[in-house]
Trainee: 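Encoded as structure tokens, here's the structure I'll be asking about.
The structure displayed is predicted, hence computed values, not measured ones. Throughout, protein chains are lettered first and strands after them, A, B, ... in sequence-line order, and every chain is numbered starting at 1. Values below: every heavy atom of this structure, side chains too, minus hydrogens, waters and symmetry copies.
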Protein chains: 2
Amino acid sequence: MAIRMTEQVYLVLLALADHPRHGYGVVQRVLELSDGAVRLSAGTLYGVLDRLTAAGWITESGEEVVDGRLRRYYRVTDDGAATLAAETARLESLTRRAAAVLRPGLAGA
Amino acid sequence: MAIRMTEQVYLVLLALADHPRHGYGVVQRVLELSDGAVRLSAGTLYGVLDRLTAAGWITESGEEVVDGRLRRYYRVTDDGAATLAAETARLESLTRRAAAVLRPGLAGA
DNA sequence: CTCATATATATCGCATCTCGATATATATCG
DNA sequence: CGATATATATCGAGATGCGATATATATGAG
């Protein structure tokens, strides 16, 4: 299952990078990582979670009931971690290029 | 006309940042900016160009016949330039966050 | 007690976006 | 003569985004 590396997919992967989280926790983490700019809607969240699971980049990682509510946890797989690292490197390279285009002559161009 | 800031949209905007280019020139510039990773298909290119024009972020900038073939040029508007600068800043911030998550303790975390 | 909000899950369907296929045309190189 | 590169553009299938909707519990305000 090949899925498209969209920003939403990248952000969910990044949100799960440090430790397993449940869906709602992913939304909060993405909000934090994006400085409040990206609030994943429920439709987007579960769609991405399903595709990421089908791609083998994340996997379900147990359930837990907290305050009477179910939490379903997900964690990044080795494949997912490798993909995330590669995609991060690609984005860093791209932003460096972009900076050189938009702000030329600032050392590093 | 609000359009979605996808990576393809961002790349076309960035490709037009330094000076006007025609469609085919945009494809080549994006290929270069992405280190050969992103080869815009014709369908994507003209779709993005149309949406970018409708959003007022780029505008047609004359035509020219070179070697018997028509070139239709596009340039970034002030609104487009502001959007591109803001989006670049957002991406830089995001990649800094990502680096801090994936490679903690490397100064700047 | 009630209502709103936050937490937490999930699905549905419309709109949007991507992208290969297709079409048309000229120039170049083998 | 055919393949490849340059150059435009459209079409439609499939993928993706996201608001609306549904269900359920906990908490705090009024």
Side-chain angles (χ1 to χ4, degrees), chain A residues 1-16 20-32 34 36-74 83 87, chain B residues 1-13 15-16 20-32 34 36-55 57-74 83 87:
Chain A
M1 275 294 280
I3 65 171
R4 225 169 267 170
M5 178 54 74
T6 63
E7 192 189 340
Q8 288 80 0
V9 165
Y10 178 74
L11 286 170
V12 170
L13 218 41
L14 183 60
L16 294 173
R21 292 174 196 272
H22 63 295
Y24 194 80
V26 168
V27 173
Q28 291 173 123
R29 178 60 169 163
V30 166
L31 203 56
E32 182 189 322
S34 68
V38 181
R39 183 181 300 266
L40 256 29
S41 71
T44 300
L45 173 70
Y46 292 106
V48 169
L49 250 17
D50 285 348
R51 276 181 283 142
L52 243 19
T53 300
W57 292 348
I58 67 172
T59 189
E60 285 189 31
S61 182
E63 299 180 352
E64 186 186 8
V65 174
V66 176
D67 288 329
R69 298 188 207 92
L70 177 72
R71 289 181 177 182
R72 176 160 291 129
Y73 287 83
Y74 297 87
T83 301
E87 182 63 12
Chain B
M1 273 292 282
I3 65 171
R4 224 169 268 169
M5 178 55 73
T6 64
E7 193 189 340
Q8 288 80 2
V9 165
Y10 177 74
L11 286 170
V12 170
L13 218 42
L16 294 173
R21 291 174 197 273
H22 62 294
Y24 195 79
V26 168
V27 172
Q28 290 173 124
R29 177 61 168 163
V30 166
L31 203 55
E32 182 188 320
S34 68
V38 181
R39 184 182 299 268
L40 255 30
S41 73
T44 300
L45 174 70
Y46 293 106
V48 169
L49 250 18
D50 286 348
R51 277 180 282 141
L52 242 18
T53 300
W57 292 347
I58 66 172
T59 188
E60 286 190 31
S61 182
E63 299 180 352
E64 187 186 8
V65 174
V66 176
D67 288 331
R69 298 189 207 90
L70 178 72
R71 290 182 177 181
R72 175 160 292 129
Y73 287 83
Y74 298 86
T83 301
E87 182 63 11

Trainee: Find which nucleotide of DNA chain C each of A/G43 and A/L70 is nearest to by heavy atoms, and output the residue with the more 5' nucleotide.
Mentor: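 Whichever sits nearer the 5' end wins; that is A/L70.
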Trainee: Check whether any side-chain nitrogen or oxygen of A/R71 sits under 4.0 Å from OP1 or OP2 of D/dA24, and answer yes or no.
Mentor: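 Checking D/dA24 against A/R71, no side-chain N or O comes under 4.0 Å of OP1 or OP2.
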Trainee: Given atom OH of B/Y24 and atom P of D/dA7, what is their separation to the nearest angstrom?
Mentor: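 One finds 7 Å between P of D/dA7 and OH of B/Y24, rounded.
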Trainee: I want to check one thing: is the phosphate of D/dT6, taken as OP1 and OP2, less than 4.0 Å away from some side-chain N or O of B/Q28?
Mentor: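 Yes, within the criterion.
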Trainee: Rounded to whole Å, how long is the line connecting atom CG of A/D50 with atom P of C/dC12?
Mentor: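 Rounded to the whole Å, the gap is 12 Å.
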Trainee: Is the distance from OP1 or OP2 of C/dC17 to the nearest side-chain N or O of B/R51 less than 4.0 Å?
Mentor: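 For C/dC17, OP1/OP2 do have a side-chain N/O of B/R51 under 4.0 Å.
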Trainee: To the nearest Å, how far apart are B/H22 NE2 and D/dT6 P?
Mentor: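 Interatomic distance, NE2 of B/H22 to P of D/dT6: 9 Å.
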Trainee: Applying the Watson-Crick and G-U wobble criteria at under 3.5 Å, what pairs with C/dT28? Answer none if nothing qualifies.
Mentor: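 Checking every strand shown, C/dT28 finds its partner in D/dA3, with both distances under 3.5 Å.
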Trainee: Can you tell me the distance, in whole Å, between the CG atom of A/L11 and the P atom of D/dT16?
Mentor: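 Going from CG in A/L11 over to P in D/dT16 covers 15 Å.
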Trainee: Distance-only, no hydrogens or angles: does the A/R21 side chain make a donor-acceptor pair with backbone N or O of A/R29 under 3.5 Å?
Mentor: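 No.
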Trainee: Which sits closer to the 5' end of DNA chain C, B/M5 or A/L49, going by the nucleotide each is nearest to?
Mentor: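 Its nucleotide being nearer the 5' end, the pick is A/L49.
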Trainee: Look at A/Y46 and C/dT9 and indicate whether a side-chain polar atom (N or O) is within less than 4.0 Å of OP1 or OP2.
Mentor: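 Checking A/Y46 against C/dT9: at least one side-chain N or O falls below 4.0 Å of OP1 or OP2.
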Trainee: Heavy atoms under 4.0 Å, any strand shown: does B/G47 hit a base, just sugar-phosphate, or nothing?
Mentor: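 Nothing, no heavy atom under 4.0 Å.
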Trainee: With a 3.5 Å cut-off and no angle check, do the side chains of B/R72 and B/Y74 form a donor-acceptor pair?
Mentor: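 No - no donor-acceptor pair under 3.5 Å links their side chains.
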Trainee: Could you check whether B/V66 gets within reach of a base, just the sugar-phosphate, or nothing at all, counting any heavy atom under 4.0 Å?
Mentor: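 Contact class for B/V66: none.
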Trainee: Taking only N and O in the side chain of B/Q8, is any of them less than 4.0 Å away from OP1 or OP2 of C/dC19?
Mentor: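 For B/Q8, the contact criterion (side-chain N or O under 4.0 Å from OP1 or OP2 of C/dC19) is met.
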Trainee: Rounded to whole Å, please give me the gap between CD in A/E63 and P in C/dA8.
Mentor: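 Spelled out: CD on A/E63 to P on C/dA8 is 14 Å.
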Trainee: Looking only at side-chain N and O atoms, does B/R4 come under 4.0 Å of OP1 or OP2 in D/dA15?
Mentor: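 No.
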Trainee: With distance as the sole criterion, do the side chain of A/R72 and the base of C/dT9 form a donor-acceptor contact below 3.5 Å?
Mentor: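 Absent.
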Trainee: So does A/T44 get a side-chain nitrogen or oxygen closer than 4.0 Å to the phosphate oxygens (OP1/OP2) of D/dC18?
Mentor: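 Yes, A/T44 has a side-chain N/O under 4.0 Å of OP1/OP2 on D/dC18.
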Trainee: Looking at B/E60, B/E63, B/E64, which one forms a side-chain hydrogen bond (donor to acceptor under 3.5 Å, both in side chains) with B/Y73?
Mentor: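 Only one option passes, and that is B/E64.
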Trainee: Calculate the interatomic distance between B/L31 atom CG and D/dA5 atom P; express it in whole Å.
Mentor: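 Answer to the nearest Å: 12 Å.
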Trainee: Between A/V48 and A/V9, which heavy-atom pair has the shortest distance, and what is it?
Mentor: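 Reported closest heavy-atom pair: CG1-CA, 4.0 Å.
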Trainee: Rounded to whole Å, please give me the gap between CD in B/E60 and C1' in D/dA9.
Mentor: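 Whole-Å distance recorded here is 13 Å.
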Trainee: Could you walk me through whether A/E87 and A/L13 pass the side-chain contact (heavy atoms from CB on, under 4.5 Å) test, one step at a time?
Mentor: CA-CA 10 Å; A/E87 182 63 12; A/L13 218 41; over 6 Å; no
Trainee: Return the nearest nucleotide to the side chain of B/A42; candidates are D/dT10, C/dT18, D/dT25.
Mentor: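 Looking only at heavy atoms from C-beta outward on B/A42, the closest nucleotide is D/dT10.
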Trainee: Rounded to the nearest 0.5 Å, what separation is found between the CG atom of A/L45 and the CG atom of A/D50?
Mentor: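 Rounded to the nearest 0.5 Å, the CG-CG separation comes out at 9.0 Å.
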Trainee: Both A/V9 and A/D67 contact DNA chain D. Which one's nearest nucleotide lies toward the 5' end?
Mentor: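 Looking at the nearest nucleotide for each, A/V9 comes out on the 5' side.
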Trainee: Would you please confirm or rule out a distance under 4.0 Å between OP1 or OP2 of C/dT18 and any side-chain N or O of B/T6?
Mentor: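 Yes, within the criterion.
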Trainee: Expressed in angstrom and rounded to an integer, what is the separation of A/L40 atom CG from D/dT16 atom P?
Mentor: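 Going from A/L40 (CG) to D/dT16 (P), I get 14 Å.
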